[in-house]
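Both counts, for ligands and for their atoms, begin at 1 and track the order of listing. Quantities reported herein were computed from a predicted structural model and do not represent experimental measurements.
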Amino acid sequence: MKTEPGNVPLDAGQLAAPWARVRAKLRAEVGEVEYRNWLRQMVLRGVEGELVAISLPSRFLRDWVRDHYGDRLKALCLPEWPGTRRVDFRVMADAGTDASTQAESGLAESLTPSPRSPAVAASAARVTEAARENEWMAPLDPRLTFDSFVVGKPNEFAHACARRVAERPASAGFNPLFLYGGVGLGKTHLMHSIAWAIREAHPQKPVAYMSAEKFMYRFIGALRGGNTMEFKTQLRSVDILMIDDLQFLIGKDNTQEEFFHTFNALVDAGKQIVVSADKSPNDLSGIEDRLRTRLGGGIVADLHATTYELRLSILQAKVAQAGVDVPVKVLELLAHKIASNVRDLEGALNRLVAHAKLFSRPLTLENVPEVLSDLLRTHEKRITIDDIQRKVAEHYAIRMTDMFSARRARAVARPRQVAMYLAKQLTSRSLPEIGRRFGNRDHTTVMHAVSRIQQLMAEDRVLAEDVTLLRRMLET
Ligand code: ADP
Ligand code: MG
């Protein structure tokens, strides 16, 4: 924005109250649902002379808000800032970062300095500078909050730990928080949720969230540029450090060393660390033992593979959030067939919805296979009951024939139940069909096995890990 005398940009403190009024009026006009769906994520970037700049997190949302609410917003801005002639809509990624304006509106880029930090909001130029300074902190996704995280058996422990850390950062026993699990099971979602929640409850605490890869690039960049001191000081000034996908540091010795020192400095100073990885600290091969020990020294929480019930709940939540009408039968089919991870599940749902909109015809069970033929085929063909029985027998070192035998000794009955459970989760066979394949057992036996294993997985860590492992082996 061009700055002329008498036309200076207003600072964040001056903007907060009028902006809150604009939002409140718009909310009253359009109603809660519409506001939530489209407008909640608006951020005021600045007001200067006749221009009001607003940003949204995606191009799609930006266009939608501009086209549907642009005129109303301009009208509502006029009484607050009488010079207003134009409202500019931007996408967050290409707009400057005014951290304090964002904090006011409940949406901020990754490192939140104190809202009263003198560096921000004084002038457009300084704002851009501040953005550059903090840009190495990855931005948070406004969709990934505790509100949108669906809790079920496989993730309830990890979720509870994440909540706890968000409520009381750096409390004994919960530092570091180490989250692990396979791809697409919600690690990043939980980390963003923690960051958002801390930001809301403790706006004065700087939170840094970044991927391990980013950490590495920044560190190497600092080494090359000869400003490692600055890198260290910046990192060590945060209250919460979150590193996502730590496995990327494996084999990067220099970076690992730096992370180790940062880690120690922060924990010793009573700061919270949250780390995610694809494996538990013990199973992460290629990291130094002293780092492994520190990583496992707080609380370690596993995100287990999803169950049918969780997948269905997630689909229901997503459908409700998007305000689209999808028959329950269709959701059940997806939850049933797409058992790999939540990301694939979301992808399938998005595709269905887009398809229905594009051709403006309702979604029915009949047109799902056609739209998702590629996804359904891979997920259906890949795993057979036979594969499952073989793998499970191998894992528990029992004979394959014990899968069909009438023996009821725990040593064979439990693995058999595990195999039945996996057959239900990973194939599209019905309960009676599964029963038949396990020595002609009744479908109620299968049902019992499924619920028994589900229950045991919540109580028995070893069993839960066995099942997760078997599942990963079968799925990959
Ligand atoms: P990871 O980091 O473990 O690979 P993500 O956190 O990126 O997985 O999750 C993949 C996608 O699935 C994201 O869009 C995320 O919002 C969604 N997702 C995962 N778990 C849940 C859940 N329990 N409830 C709602 N959405 C979820
Ligand atoms: Mg992730």
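Cation-pi contact between Arg66 and Phe89: absent, since separation from the ring centre below 6.0 Å together with deviation from the ring axis within 45° is not met. Geometrically, Arg163 engages Phe146 in a cation-pi contact defined by less than 6.0 Å to the ring centre and at most 45° from the axis.
The closest approach between Gly182 and ligand 1 falls below 4.0 Å for a heavy atom of the residue. Using a 4.0 angstrom heavy-atom cutoff, Gly181 does not count as in contact with ligand 1. Within the 4.0 Å heavy-atom shell around ligand 1 one finds Lys318.
With 2.8 Å as the limit, Met191 does not count as an N, O or S neighbour of the Mg ion (ligand 2).
Of all protein heavy atoms, the one closest to atom 23 (N) of ligand 1 is Val150 O, 2.8 Å. For atom 12 (O) of ligand 1, the nearest protein heavy atom (residue, atom name, distance) is Val342 CG1, 3.2 Å.
Inclusion of Leu185 in the set of residues having an N or O under 3.5 Å from an N or O of ligand 1 is warranted.
Below 4.0 Å from some heavy atom of Val183 lie the following atoms of ligand 1, by number and element: 4 (O). Taking every non-hydrogen atom of Ser148 and a distance limit under 4.0 Å, the qualifying atoms of ligand 1 come out as 24 (N), 25 (C). Here is the list of ligand 1 atoms found below 4.0 Å of a heavy atom in Leu144: 16 (O). The contact set between ligand 1 and Asn155, taken as ligand atoms under 4.0 Å from a residue heavy atom, comprises 23 (N). Proximity to His189 (heavy-atom distance under 4.0 Å) selects the following atoms of ligand 1: 6 (O), 15 (C), 16 (O), 18 (N), 26 (N), 27 (C).
Counting only N and O atoms by type, the side chains of Asp245 and Ser211 include no donor and acceptor under 3.5 Å apart. For the residue pair Tyr421/Arg452, the side-chain donor-acceptor check at 3.5 Å is not satisfied.
Heavy atoms from both the backbone and the side chain of Thr188 come within less than 4.0 Å of ligand 1.
Checked against the 6.0 Å centroid threshold, Phe215 and Phe231 count as a close aromatic pair.
Expressed to the nearest 0.5 Å, how far CG of Leu190 lies from CG of Leu185 amounts to 10.5 Å. Note: Leu295 CG to Tyr180 OH = 13.0 Å, rounded to the nearest 0.5 Å.
Nearest-heavy-atom check against atom 13 (C) of ligand 1 across Arg143, Met191, Glu346, Arg343 picks out Glu346. Residue Gly184 holds the heavy atom nearest to atom 4 (O) of ligand 1 of all those in Ala317, Gly184, Gly186.
Residue-environment remark: CZ (Arg429) stays at or below the threshold of 12 foreign heavy atoms within 6.0 Å.
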Worksheet item: Passes side chain to side chain donor-acceptor pair (under 3.5 Å), His336 versus Ser428? Steps please.
Response: CA-CA 7 Å; His336 203 69; Ser428 53; 5.3 Å; no
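The pair Lys153-Glu309 does not meet the salt-bridge criterion, since no charged nitrogen lies less than 4.0 angstrom from a carboxylate oxygen.
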